[in-house]
Every structure is written in C-alpha cells, then in structure tokens.
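Note sheet for the following structure.
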Amino acid sequence: MSVLTAPLPVSVSLPEKQVNRVRLDYRHDRLLQLVDECTDISQLKQIHARALRTTSSHDARGLFIQSRILHAWSLVDAEYTHRLFGQVTEPNVFMWNTLIRSFALSRDLKEEAISVFGTMLEEGKVEPDKHTFPFVLKACAYLFALEEGKQLHAMTFKLGFDRDIYVNNSLIHFYASCGLLKNARDVFERMSSRSVVSWNAMIGALVEHGEFDNSLQLFREMQESSKPDGYTLQSVLNACAGLGSLSLGMWTHLYILKNFEADVNDDVLVNSSLVEMYCKSGSLELAEKVFRRMPRHSVHSWNSMILGFAMHGQAEATMKYFSDMTTEGGLVPNSVTFVGVLSACNHRGMVDEGRKYFDMMIKDYKIDPQIEHYGCLVDLLARAGLIEEALDLVSNMSMKPDKIIWRCLLDACSKKNAGIELSMDMAVQILEFGGEECSGVYVLLSRVYASAQQWNEVGLIRNLMMERGIAKEPGCSSMEINGVSHEFFAGDTSHPQTNSIYQTLYEIDEKLDAAGYLPDVSQAPMVEDEACDDKRNTLRLHSERLAIAFGLLNRKNGVPIRVFKNLRVCNDCHQVTKLVSRLYNMEIIVRDRTRFHHFKDGLCSCDDYW
DNA sequence: TTAGGGTTAG
C-alpha cells in the first residue's frame with residue numbers, strides 16, 4: 001500500500017473543533033511514524049510532499065516534522081539536504097546539526113561541515129549544543145584540521161560541554177587522528193567518567209601509533225571499570241600482531257573464548273583480527289584453524305588469509321585462497337584482495353603471474369589500480385631487473401608516484417647496478433618528498449657508489465649526511481624466548497648474555513669462513529675508508545645477526561628461531577642467515593615490517609625476492 | 001519529543 005493511500009481514521013464522537021485538532025495531531029504523529037519506517041527514497045519523497053502540504057514551519061510542531069524529514073534526507077544526500085535547509089527560514093539547532101553531520105559523513109564534502117559550523121556561529125541565531133561537536137570533530141579528524149579542532153576544544157569549555165562523554169570521545173579520536181597522541185591522552189585522563197568507547201578510542205589510538213605495549217597496559221586498566229567489546233578486542237589483537245608475540249596473541253584468544261558469548265566469538269571482524277594476529281605472529285596453522293571455524297566468512301576474512309599467506313611468501317596458497325574465495329565463498333574480490341595476491345607474486349618474484357593478476361583486476365573485476373597495486377608490480381618488475389618496464393608502468397600511472405615507488409626503484413637500481421645516473425634521478429625524486437625516508441635514500445645511494453667501487457663518492461655522501469645531521473636509523477631486532485621479548489640494536493652490548501652472544505657470533509664466523517662465505521661489504525658502506533675487517537665487523541654486529549646468535553644460544557630441538565626485525569633485511573644478513581640455517585640445521589624465521597622470510601637448509605622461501 | 005562517540009585490511 002502506498003503511504004499516501006494509508007487510511008486516516010476519524011473520531012466521530014468529539015465536537016467539530018476538537019476533531020480538527022485531533023486529526024491534525026494524528027497527521028503529525030502518522031507522518032513522524034512514516035518517516036521512522038521509511039525505507040527508500042521514493043517513500044521519503046511522498047512523505048515529504050505530504051508534509052509540505054499539511055504542515056507549516058512557523059509552528060513548533062511543523063518545524064519538528066520538517067526537522068525529522070531533513071534528518072532522513074541527510075542520510076541520503078548531503079547536497080540536497082543543504083538545499084532543503086536553505087528553504088527553512090528559522091532553522092533550529094537540530095537542523096544545523098543535521099546538516100553538519102550530513103556533510104561530515106559525506107564522501108568528499110567534509111570541508112563543508114566545518115564551514116557550515118562557521119556560518120552557524122556567524123549568524124549567531126542558534127548556539128551549538130553538545131550534539132554539534134562530535135559531528136564537526138569527525139570532519140576535523142578526517143581532514144587533519146588541527147587548528148579548527150583545537151578551537152572547538154576550547155569552545156567546549158566555554159559552553160560547558162567539556163564533561164560530555166561523547167564530546168570527549170570525539171576529541172580523543174580527533175587528536176589521535178592528527179597525530180597528537182599526547183593531547184588525546186590528556187583528554188582521556190581528564191575524563192571524570194568513561195564509557196567503553198572512551199577506552200576503545202584511546203586504546204585504538206595507541207595501537208594506531210605503534211604504541212603496542214602501552215595499548216595493552218591500558219587494556220589491563222580498562223578491565224577494572226569497563227567490559228571490553230568487539231572493538232576493544234580488535235585493537236588488542238592488532239597490538240599483539242604488531243608485537244608479533246604469539247604467546248600474547250594466544251593468551252588473548254583464550255581470554256576471548258572464556259569471557260565472551262557467541263555475539264563476539266562469532267563476530268566476523270574479531271575473527272578476522274584473530275586470523276591476522278596469527279599470521280603476523282608466524283602461525284599460519286592457527287590462522288587457518290580460526291578461519292575454518294568461523295561461522296561465516298566475508299571478503300574481509302578471506303582477505304585476511306590471502307594477505308597472511310602472501311606475507312609469508314606462500315604464493316600457491318595465496319592463489320588457492322583467492323580462487324576458493326570466488327568459487328566456494330561466492331564472493332567478489334576487492335582491491336585489498338589484489339594487494340594480497342600481487343604482493344605474494346612480488347614476494348616470490350613471479351613476474352608473469354603478477355602481470356596476469358594486475359590485468360585480471362582491471363579487466364575482469366573493473367577495479368582501478370591504486371598506488372599500492374602499482375607499488376607491488378613496480379617492485380616486482382624492478383627486482384626482476386625489468387627496470388625499463390617498471391619505469392614505463394610508472395609513467396602510465398593515473399596518479400603521481402609516491403616515495404615508496406621511487407624507493408623500490410632506487411632499491412632495485414642499487415642491487416642491479418642500473419647505473420649511477422638513473423639512481424641519482426630516483427634519489428632526487430625521493431628527497432623531494434622530504435620526511436623520514438631520507439636517511440634510507442642516502443644509504444642506498446652510498447650503496448650504489450660502493451658497488452661501483454667509487455669510494456670517494458661514498459665518503460662524500462657520508463659527509464653530506466653528517467653535515468645535514470641525518471642519522472642512519474639504527475637496526476633493531478627482537479626475539480621472544482619463553483614469552484619474554486629480547487631487543488637488540490646494531491653493535492648492542494647491553495644484553496645480559498652479551499659475552500656468550502659475541503662468542504657465538506665469532507663461532508658462526510668461523511663456520512661461515514670454512515663454508516666459503518664472502519661478506520658483502522657494500523652493505524656496510526659507511527665504514528668504506530677503514531680497514532676491510534672493520535666493514536666485516538660492522539656487518540657482524542647487525543642486529544639481525546646478534547638476535548640469531550642469541551637464538552642459537554637458546555635454541556630448542558625442533559623449534560625454529562624467530563626473529564622480528566624492524567628495518568629492511570640487509571642483503572648480507574640474508575645470505576648469512578641462509579648459511580646459518582644450513583650449518584646449524586636450524587629453521588629460522590625472520591619477520592621484517594611487512595614480510596616473513598623462512599630460512600631452511602641454506603634456502604630462503606623468498607629467494608626470488610632478492 | 002528528534003540525534004551524538006570508537007576501524008574496515010594493504
């Protein structure tokens with residue numbers, strides 16, 4: 001039945017005057033009910049038309065109904081909401097808030113949310129209320145509009161909303177999104193009462209900024225006052241994944257199983273986080289177990305498996321999951337799926353497959369490649385020595401290359417001896433971006449010169465770095481033994497077992513020498529003018545090697561050595577780790593920021609990546 | 001009388 005033909009019953013027992021009033025009220029209530037129940041735009045249009053005929057914005061009740069209709073439109077179309085708003089002579093605060101929210105939630109009109117708020121203040125007819133702030137702050141968080149957000153914060157004090165829990169939660173999110181973790185924490189600490197969302201916003205912010213230990217500490221504190229929910233668990237699992245700590249991750253899994261009902265235990269996002277945590281902590285078996293036990297799968301959960309296997313260089317399994325997702329799962333892959341598949345190809349140097357999936361994504365699935373997809377393919381081609389083809393691809397991209405892409409190219413140039421001129425071009429492109437990557441660029445450039453035996457230039461770059469105060473990022477590796485994390489920096493002597501570690505390092509070297517190992521001194525170019533043995537010493541003291549020596553000291557039969565390395569794996573370390581896996585008959589698993597490298601019997605699962 | 005806060009993976 002059409003909403004316009006719904007019967008309106010009439011009371012016959014009341015006097016004429018009263019009947020009219022009752023009928024009018026009834027129409028209002030009926031309209032409100034219809035707005036609530038409205039499920040599509042054509043219904044909304046009919047209700048709107050009826051409201052225009054039967055209500056007036058000059059009386060409070062009419063304005064109320066129009067507010068609700070404006071609100072209904074605000075969920076559909078921000079620009080149309082703006083037009084409707086323009087026709088209201090005296091919009092109330094609810095209507096202003098509705099318009100601001102509509103812009104804040106829109107795809108690309110978020111700036112309008114802030115500007116409408118400005119107009120609201122300028123006109124001065126209506127004062128913002130406690131609902132206004134979360135909407136504007138959301139837009140500020142998205143746009144990184146730091147100054148505007150800070151002004152809003154000041155205004156909350158002036159208007160007395162500084163104790164409102166919603167406003168404060170929005171402020172935490174806003175500050176964290178702008179990178180001001182300290183301000184976010186200040187807001188959080190000053191809150192007199194907190195909801196589960198407050199805790200989640202703060203824990204999530206810490207995880208987002210890589211402060212995994214602190215986020216877990218806050219999670220512990222949270223349990224004294226609030227019951228965690230699915231959002232909390234996702235953040236906590238992300239923190240475990242970030243730390244790469246399998247024992248902590250397993251503890252969290254057990255905690256979830258023991259403390260939550262099916263609504264959380266069967267939640268597809270919580271389970272996807274579990275899958276990701278297990279993949280990132282090195283246990284693909286447990287990840288698969290969780291995945292198989294999930295009551296239902298989404299594109300997200302399939303992607304977690306695809307990305308997880310890709311991360312481990314298990315390209316065949318990645319592709320099997322890709323194919324099962326479409327057949328068994330009946331789902332359509334999205335752009336993230338293809339990041340997974342392409343990065344598996346990249347990890348294993350599968351050039352033809354990489355090209356095939358890239359084309360499939362565009363032609364069969366009509367997905368426009370994003371910078372990440374180009375990044376995978378460019379890296380794959382460049383590492384395979386197809387630098388011309390990689391450059392062609394870059395020049396045909398619909399967007400400007402980012403510094404990650406230039407960095408991949410420079411990396412490949414430095415390994416494939418692609419020529420000093422070309423490498424310099426790349427370096428200039430990266431340095432134009434500025435930021436933290438600079439030290440890496442200088443190091444790569446010095447490697448280019450080192451492999452060309454141009455030691456003078458290597459020295460010049462080193463001096464340039466010193467003049468410009470650019471410090472080489474220190475390498476750092478960590479390793480977990482019996483649930484305790486041990487951290488090593490390059491040349492570190494602070495570990496309590498340092499003596500034994502160094503003794504083991506020299507034992508390893510003896511074995512390496514006997515096996516004919518030749519150190520790749522171009523990987524230690526910053527000591528180019530010192531004796532060759534010092535270069536070798538620099539290589540020997542790389543954090544990955546310290547961690548592996550420590551792992552060998554504490555090894556257990558049948559248990560692989562697991563190293564978590566923060567920086568890119570150095571090529572010399574890669575060769576050494578391979579040899580150590582053969583000489584000591586040990587399986588070694590090294591995780592860097594984005595990938596796992598499995599070493600066994602002198603081979604690495606992703607040798608083609610190098 | 002209306003409504004508001006925290007996430008989507010790479």
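Chain letters run A, B, ... following the sequence lines, proteins first and then strands; every chain starts at 1.
Here the nucleotide nearest the side chain of A/Q370, chosen from B/dA3, B/dG5, B/dG10, is B/dG10. In this structure, the nucleotide among B/dT2, B/dG5, B/dT1 sitting nearest to the side chain of A/V197 is B/dG5. The side chain of A/V167 has B/dG4 as its nearest neighbour among B/dT2, B/dG5, B/dG4. Distance from the side chain of A/L307 is smallest to B/dG10 among B/dA3, B/dT1, B/dG10. Closest approach to the A/S335 side chain among B/dT7, B/dT2, B/dG10 is made by B/dG10 (side chain taken as heavy atoms from C-beta onward). For A/N97, the listed nucleotide lying nearest its side chain is B/dA3; candidates were B/dA3, B/dT7, B/dT2. Side-chain proximity of A/S195 to the nucleotides B/dT7, B/dG5, B/dT2 is greatest for B/dG5. Out of B/dT7, B/dT1, B/dG5, the shortest distance to the side chain of A/Y166 is found at B/dG5. When each of B/dG5, B/dG4, B/dA9 is scored by its nearest atom to the side-chain atoms of A/E276, the top-ranked nucleotide is B/dA9.
For A/F135 and A/F117, the ring centers are positioned 6.0 Å apart or more. For A/Y166 and A/F133, the gap between ring centers reaches or exceeds 6.0 Å.
Look at A/R101 and you won't find any side-chain N or O under 4.0 angstrom from OP1 or OP2 of B/dA3. At least one side-chain nitrogen or oxygen of A/H173 sits closer than 4.0 Å to the OP1 or OP2 atom of B/dT7. A/K280 has a side-chain polar atom (N or O) that falls below the 4.0 Å cut-off from OP1 or OP2 of B/dG10.
Nucleic acid contact class of A/D229 (heavy atoms, under 4.0 Å, all strands): base. Here A/E208 lies out of heavy-atom contact (under 4.0 Å) with every strand. Counting non-hydrogen atoms under 4.0 angstrom, A/N334 reaches a base of the nucleic acid. Across all strands shown, A/K130 has heavy atoms under 4.0 Å from base atoms, whether or not it also approaches the sugar-phosphate. Using a 4.0 Å heavy-atom cutoff across all strands shown, A/T132 reaches no nucleic acid atom at all. Using a 4.0 Å heavy-atom criterion, one finds that A/L171 contacts no nucleic acid atom at all.
By the neighbour-count criterion of 12 heavy atoms within 6.0 Å, atom CD of A/Q217 is densely surrounded, having more than that number from other residues, nucleotides or ligands. No more than 12 heavy atoms of other residues, nucleotides or ligands sit less than 6.0 Å from atom OH of A/Y142. Within a 6.0 Å radius of CD in A/E123, more than 12 heavy atoms belonging to other residues, nucleotides or ligands are found.
Regarding A/N238, its CG atom lies at a distance of 9 Å from the C1' atom of B/dA9, rounded to whole Å. Look at CG on A/D368: it is 21 Å from P on B/dG10, rounded to the nearest Å. Rounded to a whole Å, the OH atom of A/Y142 is 14 Å from the P atom of B/dT7. If you measure from atom NE2 of A/H153 to atom P of B/dG5, you get 18 Å, rounded to the nearest angstrom. Between A/D267 atom CG and B/dT8 atom P the separation is 14 Å, expressed in whole Å. Here the P atom of nucleotide B/dG5 and the CG atom of A/L105 are 8 Å apart, to the nearest Å.
Lacking a ring centre under 5.5 Å from that of the base six-membered ring together with a plane angle below 30°, A/Y231 does not count as stacked on B/dT7. Stacking of the aromatic ring of A/H131 onto the base of B/dG4 is not found under the criterion of centres within 5.5 Å and planes under 30°. In this structure, A/F64 does not pack face-to-face on the six-membered ring of B/dT2, missing the 5.5 Å centre cutoff or the 30° plane limit.
With A/T326 contributing its side chain and A/L331 its backbone, the two residues share no donor-acceptor pair below 3.5 Å.
Taking only distance into account, the side chain of A/H300 meets the base of B/dT8 through a donor-acceptor pair shorter than 3.5 Å. Judged by distance alone, with hydrogens and angles left aside, A/D164 brings a side-chain donor or acceptor within reach of the base of B/dG4, the pair sitting under 3.5 Å. Between the side chain of A/S170 and the base of B/dG4, no donor-acceptor pair under 3.5 Å is found.
Of the candidates A/Y278, A/F322, A/F596, A/Y321, A/Y321 is the only one forming a ring-ring contact (aromatic ring centres under 6.0 Å, His included) with A/F309.
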